[in-house]
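Counting convention: from 1, in listed order, for ligands and their atoms alike. Just so it is clear, the values below take in all heavy atoms, side chains as well, and ignore hydrogens, waters and symmetry mates.
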Amino acid sequence: MVQVEHVYKNFGGTAAVADVSFEVAAGETLVLLGSSGSGKTTTLKMLNRLVEPSAGKIWIDGKDITTLPIVALRRKIGYVIQQIGLFPHYTVAENIGLLPGLLQWPESKIKQRTALLLETLGLPPEQFIRKYPHELSGGQQQRVGLARALAANPPIILMDEPFGALDPIIRHTIRQEFLQLDELKDKTTILVTHDVTEAIQLADRICLMDKGRIQQIGPAKELLLNPANTFVQQFFNHTRFQLELMVQTLADILPGISLNELPNAREVPVFAADVSLWNVVNKLQEVKTGEQWLGIKQGPSVYYTTLSTILSYKNEHSSDQQA
Ligand SMILES: Nc1ncnc2c1ncn2[C@@H]1O[C@H](COP(=O)(O)OP(=O)(O)OP(=O)(O)O)[C@@H](O)[C@H]1O
């Protein structure tokens, strides 16, 4: 568990971070979201003491981090950054084995762990362990960076724009893979991004920052549908329609939409009510034949409607129009 209490950071006379407080539960993923200069990276770096707060306190597992030796602190915390920071003259295996080596793990255990991580991240060990960073693509380097951060199995992972250097398609794929990784499922993760879709895809909760201050912290759905202020409201507006489809399920809108009898006993796709509207739209758009009918299964019942009913309902009920 990570606790941040009334933390400030001033550079010169300017506050980069002001009165930031949050908690991250064990196993939770908190995403620090905000535009450039909002204080995300500074907040992240205070957690592993790359930056010291001007005021406030940070606890990890109940211990004030200023009372822990820095080496012990960093051992608990993996750190992944956009620039990856692999050592160019070390092989993939040497890069990954660096920290376990410093921790004096036996050679055989380091080898085993390195192979397991590479395998998990989709880089066959026999093919990759002897390669140097410049022989890898950006996406492969990013995976090695992640493997290195995970190597000593730290309970906490900090990630600063970890997918930022990748092109959009690889970025999407790696994000998907990342969500599936068992290695990461029980880690406490704090991830910095300015990419709204990425935040929604990865976060258990989002901490939206502006000018060094937290504007709202909560599940994506709450920020989108119950924004705390005009800043939060406007932050999501340029892609609001898509984002709302991502955070809302069929069950959320079922009470509002009109339901119909299915015309002449057609076979139509049936979705569970907890499927997101975004997934429904994507699935149905693959079919593309005339009016798109679908079934929504909730409990023992199946309700029928059309894709255009759902989309026009969402069009009329976007929270953009409620503010
Ligand atoms: N070492 C430093 N010295 C002086 N000012 C700094 C330093 N580090 C950050 N700042 C300033 O603090 C503010 C917050 O920076 P920070 O890097 O935390 O923002 P960010 O939200 O992570 O931005 P980005 O997405 O561009 O990385 C900025 O105005 C930045 O210029």
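With atom 15 (O) of ligand 1 as the reference point, the heavy atom nearest to it among Val192, Thr193, Asp210, Thr42 is part of Thr42.
Thr305 places a side-chain N or O within 3.5 Å of a backbone atom of Ser258 that can act as its donor or acceptor partner. Looking only at distances, a side-chain donor or acceptor of Asn229 sits under 3.5 Å from a matching main-chain atom of Val232.
Among residue pairs with one or both ends in residues 190-236, those qualifying as ring pair (Phe, Tyr, Trp, His ring centres under 6.0 Å) are Phe231-Phe235; sequence neighbours excluded. A side-chain hydrogen bond (donor to acceptor under 3.5 Å, both in side chains) check over residues 99-123, counting only residues at least two apart or in different chains, returns the pairs Arg113-Glu183.
Distance check for atom 27 (O) of ligand 1: a protein heavy atom is found below 4.0 Å. Per-atom contact check: atom 30 (C) of ligand 1 does not touch the protein, criterion being a heavy-atom distance below 4.0 Å.
Note that the CD atom of Glu28 and the CE atom of Met1 stand 10.0 Å from one another [nearest 0.5 Å].
Of the protein's non-hydrogen atoms, the one nearest atom 21 (O) of ligand 1 is Lys40 NZ, 2.8 Å. Nearest protein neighbour of atom 6 (C) of ligand 1, counting heavy atoms only, is Phe11 CD1, 3.2 Å. In terms of protein heavy-atom proximity, atom 19 (O) of ligand 1 is nearest to Gly39 N, 3.2 Å. Gly37 N, 2.8 Å is the protein heavy atom nearest to atom 23 (O) of ligand 1.
A donor-acceptor pair shorter than 3.5 Å can be found between the side chains of Thr249 and Asp252.
The contact set between ligand 1 and Ser35, taken as ligand atoms under 4.0 Å from a residue heavy atom, comprises 21 (O). Distances below 4.0 Å separate heavy atoms of Thr41 from the following atoms of ligand 1: 17 (O), 18 (O), 20 (P), 22 (O), 27 (O).
Ligand 1 has no N or O atom lying under 3.5 Å from any N or O atom of Thr43, backbone or side chain. The shortest N/O to N/O separation between Ala16 and ligand 1 does not fall below 3.5 Å.
Residue-ligand proximity: Gly34 is placed with every non-hydrogen atom at 4.0 Å or more from ligand 1.
In terms of heavy atoms, Leu123 sits closest to Arg143 at CD1-CB, 3.8 Å.
Hydrophobic clustering keeps Trp59 apart from Ile77 (ILVMFWY residues linked when any side-chain heavy atoms are closer than 4.5 Å, directly or through intermediates).
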